[in-house]
2 protein chains.
Amino acid sequence: MMEIQKVHAEIVTIGDEILYGQITDTNSQWMSVELDKIGIKVIRKSSVGDDEIEILTILSEAEKRADIILITGGLGPTNDDITKKTIAKHFNCGLILNQEALKEVSDFFQKRGRELTEVNKQQAYLPEKATYVPNKWGTAPGMWLENGTKVFVSMPGVPFEMKGLMTHEIIPRLKSKFHCPVIYHKVIKTAGIGESFLAEKIKSWEENLPDEMKLAYLPGFDGVKLRITSLGKDEATLISKTNQELEKLKELAGSYIYGYDDDTMGSAIGRLLKEKKHTIATAESCTGGYVSHLITLVPGSSAYFMGGVVAYDNRIKMEILGVKEETLREHGAVSEETVKEMAEGVRKKFKTSVGIASTGIAGPDGGTEEKPVGTVWIGYSDQGKTIAKKLVFGKEREVNIRLTGLYLLNFLRESLG
Amino acid sequence: MMEIQKVHAEIVTIGDEILYGQITDTNSQWMSVELDKIGIKVIRKSSVGDDEIEILTILSEAEKRADIILITGGLGPTNDDITKKTIAKHFNCGLILNQEALKEVSDFFQKRGRELTEVNKQQAYLPEKATYVPNKWGTAPGMWLENGTKVFVSMPGVPFEMKGLMTHEIIPRLKSKFHCPVIYHKVIKTAGIGESFLAEKIKSWEENLPDEMKLAYLPGFDGVKLRITSLGKDEATLISKTNQELEKLKELAGSYIYGYDDDTMGSAIGRLLKEKKHTIATAESCTGGYVSHLITLVPGSSAYFMGGVVAYDNRIKMEILGVKEETLREHGAVSEETVKEMAEGVRKKFKTSVGIASTGIAGPDGGTEEKPVGTVWIGYSDQGKTIAKKLVFGKEREVNIRLTGLYLLNFLRESLG
């Protein structure tokens, strides 16, 4: 792969709650994506606790390796948060009351009709060498510090505050300070094929990729993603070369590809339904609303999604979806016959062109020898056909719900043709 | 806080996809929780790319600081995965075909009726100094290596494979190798109060906590969590002392506490509904199934949750939930009147004792001057009363859906009394 001198960043997240595992760090992922877009390469992510020595150590280490050190967390008004005074120590300076920050935090409370507490006032004290970066989304100020060519940025750990600061303050400042190369990523999303089988299928294509492109396999819960990364000086050339490679890839594995980049299975089926002028309704038992949630997460889904029924109780399956009592009695709630009647029933009741349905034993209890936990039926119905498919999963309730949701949407995608 | 000599671990996650931000690293959180349970303290988490020098550097650094180095990722059968050969390099040895690993991977494919490919066979090559740790959940073998008193563990990055290996192989081995102190955590979950206001309310209690206890504030999407951590040699004593402190805390902030430890808002309202012998149904517009999803994630929820309707289209609100046409015409779909008729309607239709409802403008489009994006009404209905509450959020669709879901369940909790 062609190498170009790149700007390197490290992300440091601070907080005992991350080390103890009480929260998932989603900040560093989001920051990586944003930095990548402006050609800044993240070379390491680290998490340390609310501990002065640990924080001082990681700041010194990161300063040696990277041009930019982005720090989140430990800026709260409470006693366990020590990031600010530790950064001051790293920069060998004291904390002083920043008038701009004081005004911002006072305004924040005034607007919400709340009194400014002494604890909150503390938040306006910043390291003397820091430039104040206004945080319009909360009360902990952002900070920008420079040491020679190195840049340190400190932001709160609350995700929407950090995102506001990054988008409106930090990214523009980084772009104007650093001269960055062009990186282009294309993510190809597949479903219904395992990593090694996909690798065999596209081996010849992978081996013949141009030098400036790198391929990565990203297996995940919702299928295997492929990522093509190319690096250069001109975005238009990178895009056009990548698109040429995509065409070759589609010939080898096109039927498994459901989308690209930010597409989700939900947005992919949304696009398909709109193209084919379909409307849809859902009838869910074991997925308990998760399928309609995946569909309605997509902006504009009200154009094709009319609604759905969560039929946990068998009475609801009969009274609202019109599943026949004898079907439930003879075949049980978790059966091909029931899921077909659910899919067809919801389509008719909601007057849509397509209906989909799920019924299964999500667990951890409720299994039998004949139908163990993890047994699931999914169904699809349109004016021309009503079909069903059996799935067999494991014992974990949440995993079963999520997998059923994704499989059902992929089944819908395949059935729409 | 009392200090006891503790066993220290570092978690190293490997993969360009983590640095580029294409996946969220949930593994390290899960591992932290499991290590914490057996008294092993995670002192740092790091993520590096699929790059030999970066991996070698972090392995050397981590070996200096920690007793145990847990590594995930980079073990796939594809070319971009280099963890295995890099670990071999760190241990200054070669890769050899491990017969046990070969048998396991062959069996894995045979059981699934698939052919063993050449690529998969590669997975049975391990560093000569590694002990093979069987992975029954996938094809990438686990590895255990020792260097003096230091332990290195390498596992696949696919979460359910890593979890299987940790639970059944690695945790038992760590427990038998290291002598660990006793740590006791209690997490207290609150809703409906901000971090600084909670801090003011419980200040006197916090200041008088015993020396061996440490308090942390964990603000999150679903409310502020408090974590009490205590360290000692005897779990029973730690539990009893923590419970004494909890009683004092409840006197100061009891009405905001909805649960403890693994409780979710969904499991908390489930317990409450069961206690009060209620059954429930949901009528969702803007939350699109997310509320019933939160409720049905809880094992055993079929005991009190009968089902729900996702009424995206106004026709569904009228035909299935019985919302009056003139209500929609006069007040609009996003109104106090509509949400009350939805909550009451679903309660009657589903013959439950309680009904809850949501209607709002999730965005990003669809707002008006009078009702901007983020305007939401939530409703509650039981035999005695039907009430509603207005919420005002921002412009982000997914955030609005999730916040509405949590607020609605908290509104249910408060309304059940």
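Just so we're clear, the structure is a prediction, and the values are computed from it rather than from any experiment. Every chain is numbered from 1, with letters handed out A, B, ... down the list of sequences. Atom set for the values below is all heavy atoms of this structure, side chains included, hydrogens, waters and symmetry mates excluded.
- Interface residue Ile320(A): only side-chain heavy atoms are found under 4.5 Å from chain B.
- For chain A, the nearby part of Ile316(B) is the side chain; its heavy atoms alone come within less than 4.5 Å.
- For a residue to count as touching a neighbouring chain, one of its non-hydrogen atoms must lie under 4.5 Å from one of that chain's; by this rule Ile401(B) touches chain A with the side chain only.
- Counting heavy-atom pairs closer than 4.5 Å to chain B, the top residue among Arg315(A), Lys225(A), Glu54(A), Glu398(A) is Arg315(A).
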Checklist entry - Is there a salt bridge (charged side-chain N to carboxylate O under 4.0 Å, His left out) between Lys45(A) and Asp25(B) once you walk through the steps? => result CA-CA 11 Å; Lys45(A) 295 181 186 180; Asp25(B) 162 35; over 6 Å; no
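- Both the backbone and the side chain of Ile18(A) come within less than 4.5 Å of a heavy atom in chain B.
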Item to check | Criterion side-chain contact (heavy atoms from CB on, under 4.5 Å) on Asp313(B) and Phe350(A), from CA distance to verdict | outcome: CA-CA 9 Å; Asp313(B) 197 32; Phe350(A) 282 60; over 6 Å; no
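- Only the side chain of Arg227(A) comes within contact range of chain B, judged by heavy atoms closer than 4.5 Å.
- When heavy atoms are compared at a cutoff of 4.5 Å, Arg397(B) approaches chain A solely by way of its side chain, counted from C-beta outward.
- If you measure heavy-atom distances from Asn120(B) to chain A, the contacts under 4.5 Å come from the side chain alone.
- Counting heavy-atom pairs closer than 4.5 Å to chain B, the top residue among Ala199(A), Ser285(A), Gly307(A), Pro364(A) is Gly307(A).
- If you measure heavy-atom distances from Ala311(A) to chain B, the contacts under 4.5 Å come from the backbone alone.
- Ranking Ile183(A), Ile43(A), Thr26(A) against chain B, the residue ahead of the rest is Ile43(A), based on heavy-atom pairs under 4.5 Å.
- Looking at Glu284(B), there are no atoms closer than 4.5 Å to chain A (heavy atoms on both sides), in backbone or side chain.
- Interface check for chain B: of the options Gly289(A), Ala362(A), Ser47(A), Gly300(A), the most heavy-atom pairs under 4.5 Å are formed by Ser47(A).
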